[in-house]
Amino acid sequence: MKIENFQLQTIIPQQFDTIIDVRSPAEYSEDHIPGAINLPVLSDQERKIVGTLYKQESKLEARKIGAKFVSDNISKHLSGILAEKEDQWKVLIYCWRGGQRSRSLGTVLSEIGWQTYILDGGYKSYRRLIVDKLYEKHLENNVIVVSGYTGTGKTKVLGKLKKLGGQVIDLEELANHRGSIFGSRSSRQPSQKEFESRIAKLLENFSKKHPIFLESESNQIGYLKIPPSLWQKMKASPHIELYAKIEQRAEFLISEYPELYENPEGLLQKIKLLSGFHSKKQILAWINLAKKKQFPLLAQGLMTDHYDPKYGNASNHKETSRRYRISINPRDSKNITRVASSILDKTFSEKSINFYFGSTSNKFTND
């Protein structure tokens, strides 16, 4: 059966049973087409060996060794995950540029009789679509930013909006980071490219008829930057600003970050990371509260003297005059549901465009 070439028009091609990334595990780990499986024809070490031989010794020897590695790996894949594929299986294969690595596997699969396609331009053609969408073009979707001081339950509201059918991009979840010094997690963040792939995948699947809800963020979450097209849209979009009593916010933060309070040494190290922002006296005061396990007072102090001023001075907070406030008790799950339902009722009503994009009103409540 003949190998066909395939040109990528959308980020996630739907017409294939399987998408195979034949690049090395390290290349795949950095980023890949969403849903693609990794069946490398060269491992990371094998790729290094072939590359070194090619550059430093003999191109012929490099090709011989490379061919052996490729043959051995394809044989393993055929006796492994590919062994149960049916007659009408349709597969898209890609490597870095759509060259030798993808065609080596493609040739074997097509000879077996499977419908085999090679991605023109390989991963680079996919990456060009991502850059075009997130760096070069204006984002066409309407965006509504859920904002508010630390501890107002923004992430909880986003989660409830999603469960109720809203279109949600949880940037902190995609970035595997809670967006602050206290929000870093033990597992690694994705690469910048993978972060952008996750965002682009959601955008491609979302309807332009309804708004996308996101949490207010700075333009950087941990080590990752929000791509320009989305960031510019967020800065120009209306905000739904949640507000709650500081005592409720403190209680909520304590319940949301148990790993900090259960690890006193780790909490002290996090506080010390704020030394560049505050006086030694202030840092020592917070350390003292942590050592005495006065967590509600510590949480209130961190919000009053660090996070609240930081939020108030953020450019994305200042740059929009379209701000609609809603009260919330972040510790009350029923109240969170009512808030999310109220937001969706307004955004999906006939007056939604006027309410969010044309109204001069600046407050609604859900008490």
Side-chain angles (χ1 to χ4, degrees), residues 142-174 177-180 182-183 210-217 221 234 237-262 294-304 306-312 314 316-317 320 322-352 354-357 359 361-367:
N142 287 327
V143 165
I144 295 174
V145 178
V146 178
S147 62
Y149 286 123
T150 298
T152 50
K154 300 183 290 295
T155 302
K156 292 284 187 182
V157 170
L158 282 180
K160 184 57 66 173
L161 284 169
K162 184 176 180 180
K163 286 184 179 179
L164 293 174
Q167 297 184 147
V168 172
I169 296 179
D170 187 338
L171 290 168
E172 292 185 357
E173 180 181 38
L174 298 182
H177 196 284
R178 287 178 173 175
S180 71
F182 289 86
H210 300 300
I212 296 171
F213 296 96
L214 304 99
E215 183 175 341
S216 178
E217 303 282 356
I221 306 174
M234 290 172 66
S237 296
H239 284 224
I240 294 176
E241 187 170 42
L242 307 179
Y243 65 97
K245 296 177 181 178
I246 194 166
E247 294 83 7
Q248 293 175 331
R249 293 163 57 201
E251 291 173 3
F252 176 75
L253 287 178
I254 291 170
S255 68
E256 286 296 293
Y257 289 82
E259 67 275 10
L260 290 177
Y261 302 105
E262 293 168 0
Q294 294 181 340
F295 300 133
L297 288 177
L298 173 60
Q300 289 185 40
L302 286 168
M303 287 187 291
T304 300
H306 181 72
Y307 285 107
D308 289 2
K310 187 178 178 183
Y311 169 78
N316 59 327
H317 175 79
T320 180
R322 292 174 295 174
R323 190 177 305 280
Y324 310 90
R325 301 188 73 203
I326 183 167
S327 62
I328 190 170
N329 179 358
R331 291 280 284 153
D332 185 342
S333 60
K334 291 183 179 180
N335 184 250
I336 289 172
T337 300
R338 286 197 297 272
V339 167
S341 297
S342 175
I343 292 170
L344 282 181
D345 286 345
K346 293 183 185 301
T347 57
F348 290 120
S349 72
E350 292 180 0
K351 298 179 181 179
S352 62
N354 287 332
F355 182 83
Y356 281 105
F357 299 98
S359 172
S361 170
N362 63 8
K363 183 175 181 179
F364 67 92
T365 61
N366 194 61
D367 297 321

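Owing to the predicted nature of the structure, the values given are computational and were not obtained by experimental measurement. Only this structure's heavy atoms are used, side chains among them; waters, hydrogens and symmetry mates stay out.
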*Any chance you could measure Leu242, atom CG, to Asn329, atom CG, to the nearest 0.5 Å?*
12.0 Å
_Testing the basics here: between Pro211 and Gln167, what is the closest heavy-atom pair and its distance to 0.1 Å?_
O-NE2, 3.4 Å
*Quick check: does any side chain N or O of Lys154 sit under 3.5 Å from a backbone N or O of Tyr149, one acting as donor and the other as acceptor?*
yes
_Ser216 vs Glu241, side chain to side chain contact (heavy atoms under 4.5 Å, CB included): CA-CA, chis, key distance, verdict_ = CA-CA 9 Å; Ser216 178; Glu241 187 170 42; over 6 Å; no
*Which heavy atom of Pro238 sits nearest a heavy atom of Val143, and at what distance?*
CD-O, 3.6 Å
*asked:* Nearest 0.5 angstrom please: Ile169 CD1 to Glu215 CD, how far?
replied: 13.0 Å
*NE2 on His210 to CG on Asn142, rounded to 0.5 Å*: 11.5 Å
*Check Leu214 against Met234 and note the closest heavy-atom contact, atom names and distance.*
CD2-SD, 4.2 Å
*Applying salt bridge (Lys or Arg N to Asp or Glu O under 4.0 Å), which residue pairs with at least one partner in residues 155-166 are found, sequence neighbours left out?*
Lys156-Glu256
*Nearest 0.5 Å, what's the CD1-OG distance between Ile336 and Ser341?*
11.5 Å
*Let me see the working for Met303 and Leu253 under side chain to side chain contact (heavy atoms under 4.5 Å, CB included), right down to the final yes or no.*
CA-CA 10 Å; Met303 287 187 291; Leu253 287 178; 3.5 Å; yes
_Checking the side chain of Tyr311 only, and the main-chain atoms of Gly148 only, is there a donor and an acceptor separated by less than 3.5 Å?_
yes
*asked:* Could you work out, with side-chain hydrogen bond (donor to acceptor under 3.5 Å, both in side chains) as the rule, every residue matching Thr150, not counting sequence neighbours?
replied: none
*Between Phe213 and Leu344, is a side chain to side chain contact (heavy atoms under 4.5 Å, CB included) present by the stated rule, with each step listed?*
CA-CA 10 Å; Phe213 296 96; Leu344 282 181; 3.9 Å; yes
*For residues Thr152 and Ala244, report the shortest heavy-atom separation together with the two atoms involved.*
CG2-N, 4.0 Å
*With sequence neighbours excluded, what pairs up with Ser255 under the side-chain hydrogen bond (donor to acceptor under 3.5 Å, both in side chains) test?*
Arg331
*asked:* Taking side chain to side chain contact (heavy atoms under 4.5 Å, CB included) as the definition, give me every residue that meets it alongside Ile254, ordered by chain and number, with sequence neighbours left out.
replied: Tyr261, Phe295, Pro296
*Any residue meeting side chain to side chain contact (heavy atoms under 4.5 Å, CB included) with Lys245, in chain and number order, not counting sequence neighbours*: Glu247, Gln248
*For the atom pair OG1 (Thr304) and CD1 (Ile246), what is the distance rounded to the nearest 0.5 Å?*
3.5 Å
*Once you round to the nearest 0.5 Å, how far does CD of Gln300 lie from CZ of Arg249?*
9.0 Å
*Tell me, please, which residues at least two apart from Phe252 pass ring pair (Phe, Tyr, Trp, His ring centres under 6.0 Å).*
none
*Heavy-atom pair with the smallest gap, counting every atom of Asn335 and Ser327*: OD1-O, 4.5 Å
